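Every chain is numbered from 1 and lettered A, B, ... according to where its sequence line falls, protein lines coming before strand lines. These figures come from a predicted structure and were not determined experimentally.
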Amino acid sequence: MLIAVVPDEAGVGGPRGALPGGPGPSHPPPADGAGSPAGPGPAGPDRSAPIGPAGAAWLRPLDDAGQPLGPARWSPDLAAAVREAPEARLLWASTAECYPRLLRAGVRVARCHDLELTEALLLGHAGRWGQPKALAAGWARLTGAPVPPDPPPRAATPPGDGQGTLFEASWPPPAAGGFDPMSALVEVYRDQQARLAAAGRDAPAVPDAGRRLRLLVAAESAGAVIAAEMGHDGLPWRVDVHRDLLIDLLGEPSPVGGPPRRLAELAARINEAFGDQRLHPESPAEVLRAFAREGIRLPSTRAWVLRGVDHPAVPLLLEFKELYRIWTAHGWSWCQQWVREGRFRPEYVPGGVVSGRWATRGGGALQIPKVVRRAVQADPGWTFVVADAGQLEPRILAAVSSDARMARAAGAGDMYAALATEAFGGDRARAKVALLGAMYGQTGGQAAPALAALRGSYPTALSYVEDAARVGETGGLVRSWLGRTCPPPSVGANAWGDPDAADPEGPRGEAPPDGPVSGAAARARGRFTRNFVIQATAAEWALALLALLRGSLSGSAAELVFFQHDEVVVHCPVADAPMVVAAVQAACERTRRLLFGDTPVRFPLDVSVVDCYAEAK
DNA sequence: AGTTTCATATGG
DNA sequence: CTCGCCATATGAAACT
């Protein structure tokens, strides 16, 4: 059972936290195509009812195909309506827009269908990557109306001391030209179901293509739900530990906002080492000039460049860089901005990366430096279960390429070691270089001879990535295992890949002499598509794991609090930890079968139970 | 003064 | 001849 949901902005909106004092202006009732009451009537708004904590909404029951099972009705209390149907799958335009208000009201959903994320997947699959994916755009495509562009993404909203002056994003978009969100939602959903079925039929070369794509859609929606919940719950963050850590590393903060004590001292010593100038160590240009004055010419001030330089300032500069980074990116002001009530609450953006990985908006949640993770401590009586998928991408390669020999090696706990034994004379480091080189398209350095060895023993796996590279180089598209499609070569320049080949000279006489795409650009594109088939499949593996894990934890106190590409963190009562460990292992095994059936490839999880995130692994 | 790009760091 | 993938975030430098 599916319930289509259109939040009614009369119930929410306005300054955050300010609940409505009264009904206020609202959308007209949806002029619902299948014959529900259009005016006041049994299902019409009863404006005298008190508005619930998640606001009011239009709701309409559907079957899984999208066939309405009854009229749309207006409810003053979305939260209560969702509570009454705890097993239902919700259909809404955007989880990111609709779910947070429910979470703030203390309500969780079982499952959902995120129309916009699905639309993006289907558009990409149809070679229309980048076309507007919003509900209004989908509706316009369906009705032949001009397609409106998507609204610009919201800016990051630091929860820390933002003082709640921000307004809810306006959603749905202002009704224009008879746009009725509920009809649009239902009709676009039904159209999506049809397109999903067609996409499966149209890919006879891919066994199971339809099932896979439906799986991807489900995983993407589940990911959106989890991302909203994780952003809502937040990662336990001990501000006191963080501050102690900062003082330990950086020294006392400067009262006037300047660099902390140890950083200032280092800057002074660096100046001394260069013979007392007014040097700012944080300025690459100045550091370069300072070295040049001493006869040392450097291509850059990157850490690995400096490490090869014999000069007394070098160790000081390296230390300065490391600490300066922490001060500016994860120092006192970061803490004040992003941590509130003992939780770090970043905004996760599912599908924010073309490969299907999540991105984040604000707070840099996916780049928390290892040293700073000491501040991530479980609540008293609680603990963390941290699960990390080791060597995920090479194992994905083994699984998707169906290279039987490599798959056998990927059944081992240490795949690189197994590979080394079979084909690299026991040299594990060389096996690793070869495999990474194959997945990233590296051809120089030590990779070239190692790659040849890999080709000799695992030709099937090698040709899988090389085929993907060739498709990319020649301007084609590749797909992940479940069917996520890579963007076309022209993204950015040439909006949605409208075949622009009719213009071989290029836009303004700057055409490269050797063809429509220069050699270097084509090869870069090849490296991208080569990596895409692996990285995107790894992302959907992780998404499926997350979704299955959420399912098995629902009903317990455990909560998912962090997810970073191939690593998941669960916060749970100490007594529940064994259950959570078992659940994550079981989810891992189910994920393997769900995606790859009876492959011999294993996906070992490194699971640790720790009170502090920094202690994991 | 405001905006964009570069350089450099972090993460996977 | 060259050639490693995907990101976010910061401050400095360059640009409008």
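- Considering only residues two or more places apart in sequence or on other chains, A:Arg530 meets the side-chain hydrogen bond (donor to acceptor under 3.5 Å, both in side chains) condition with none of them.
- Taking atom CZ of A:Phe320 as the reference point, atom C1' of C:dT10 lies 13 Å away to the nearest angstrom.
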Could you list all N or O pairs between the protein and nucleotides 10-12 of chain B that sit under 3.5 Å apart?
{"residue": "B:dG11", "atom": "OP1", "partner": "A:Lys370", "partner atom": "N", "Å": "3.1"}
{"residue": "B:dG11", "atom": "O3'", "partner": "A:Arg373", "partner atom": "NH2", "Å": "3.3"}
{"residue": "B:dG12", "atom": "O3'", "partner": "A:Asp566", "partner atom": "OD1", "Å": "2.7"}
{"residue": "B:dG12", "atom": "O3'", "partner": "A:Asp566", "partner atom": "OD2", "Å": "2.7"}
{"residue": "B:dG12", "atom": "N2", "partner": "A:Arg357", "partner atom": "NH1", "Å": "3.3"}
{"residue": "B:dG12", "atom": "N3", "partner": "A:Arg357", "partner atom": "NH1", "Å": "3.3"}

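- Annotation: salt bridge (Lys or Arg N to Asp or Glu O under 4.0 Å) contacts involving residues 344-363 of chain A, sequence neighbours excluded, comprise A:Arg154-A:Glu347, A:Glu347-A:Arg361, A:Arg357-A:Glu393.
- The pair A:Asp150-A:Lys133 meets the salt-bridge criterion, since a charged nitrogen lies less than 4.0 angstrom from a carboxylate oxygen.
- Counting any heavy atom pair closer than 4.0 Å across all strands shown, A:Gly363 reaches sugar-phosphate atoms only and no base atom.
- Contact annotation for A:Gly437: no contact, since no heavy-atom pair falls under 4.0 Å across all strands.
- Legend: residues meeting ring-ring contact (aromatic ring centres under 6.0 Å, His included) with A:Tyr458, ordered by chain and number and at least two apart, are absent.
- The CD atom of A:Glu347 sits 16 Å away from the C1' atom of C:dA9 (whole-angstrom rounding).
- Following rounding to the nearest Å, A:Arg523 (CZ) and C:dT2 (C1') show an atom-to-atom distance of 7 Å.
- Heavy-atom distances under 4.0 Å link DNA chain C to no residue of residues 299-318 of chain A.
- Counting heavy-atom neighbours within 6.0 Å of A:Lys321 NZ, excluding the residue itself, gives a total above 12.
- Shown here is A:Arg373, whose CZ atom has more than 12 heavy atoms of other residues, nucleotides or ligands within 6.0 Å.
- Pairs passing the salt bridge (Lys or Arg N to Asp or Glu O under 4.0 Å) check and including a residue from residues 606-617 of chain A, sequence neighbours excluded, read A:Asp388-A:Lys617.
- A heavy atom closer than 4.0 Å to some atom of DNA chain B occurs in no member of residues 442-453 of chain A.
- Heavy atoms of A:Phe528 sit under 4.0 angstrom from primed sugar atoms or phosphate atoms, though from no base atom.
- If you check distances only, the side chain of A:Arg527 never reaches the base of C:dC5 with a donor-acceptor pair under 3.5 Å.
- Residue pairs meeting the salt bridge (Lys or Arg N to Asp or Glu O under 4.0 Å) criterion with at least one member in residues 245-266 of chain A, sequence neighbours excluded, are A:Arg261-A:Glu265, A:Arg262-A:Glu319.
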### Query
What string of B, S and - do you get for nucleotides 11-16 of chain C, 5' to 3', if B is base contact, S is sugar-phosphate-only contact and - is no contact with any protein heavy atom under 4.0 Å?
SSS---

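- Taking 4.0 Å as the cut-off between side-chain N and carboxylate O, A:Arg325 and A:Glu322 do not count as a salt-bridged pair.
- Between the CZ atom of A:Arg530 and the P atom of C:dC6 there is a distance of 13 Å, given to the nearest Å.
- Between the P atom of C:dA7 and the OH atom of A:Tyr348 lies a distance of 19 Å, rounded to the nearest Å.
- Here the rule is side chain to side chain contact (heavy atoms under 4.5 Å, CB included) with A:Tyr613, and of A:Ile368, A:Val561, A:Val386, A:Val372 only A:Val386 fits it.
- For A:Phe603, the ring-ring contact (aromatic ring centres under 6.0 Å, His included) partners are A:Trp541, A:Phe596, not counting sequence neighbours.
- If you measure from atom CH2 of A:Trp338 to atom P of C:dT8, you get 13 Å, rounded to the nearest angstrom.
- Per the geometry, CD1 belonging to A:Ile534 stands 18 Å off P belonging to C:dG4, to the nearest Å.
- Sparse packing is recorded around CZ of A:Arg374, with 12 or fewer heavy atoms of other residues, nucleotides or ligands lying under 6.0 Å away.
- For residues 440-465 of chain A, every residue pair satisfying the salt bridge (Lys or Arg N to Asp or Glu O under 4.0 Å) rule, not counting sequence neighbours, is listed here: A:Arg455-A:Glu466.
- Legend: residues meeting ring-ring contact (aromatic ring centres under 6.0 Å, His included) with A:His311, ordered by chain and number and at least two apart, are A:Phe274, A:Phe291.
- Atom CH2 of A:Trp334 and atom P of C:dT8 are 17 Å apart (whole Å).
- In this structure, A:Arg361 reaches the sugar-phosphate backbone alone: every heavy-atom distance under 4.0 Å involves primed, P, OP1 or OP2 atoms, never a base.
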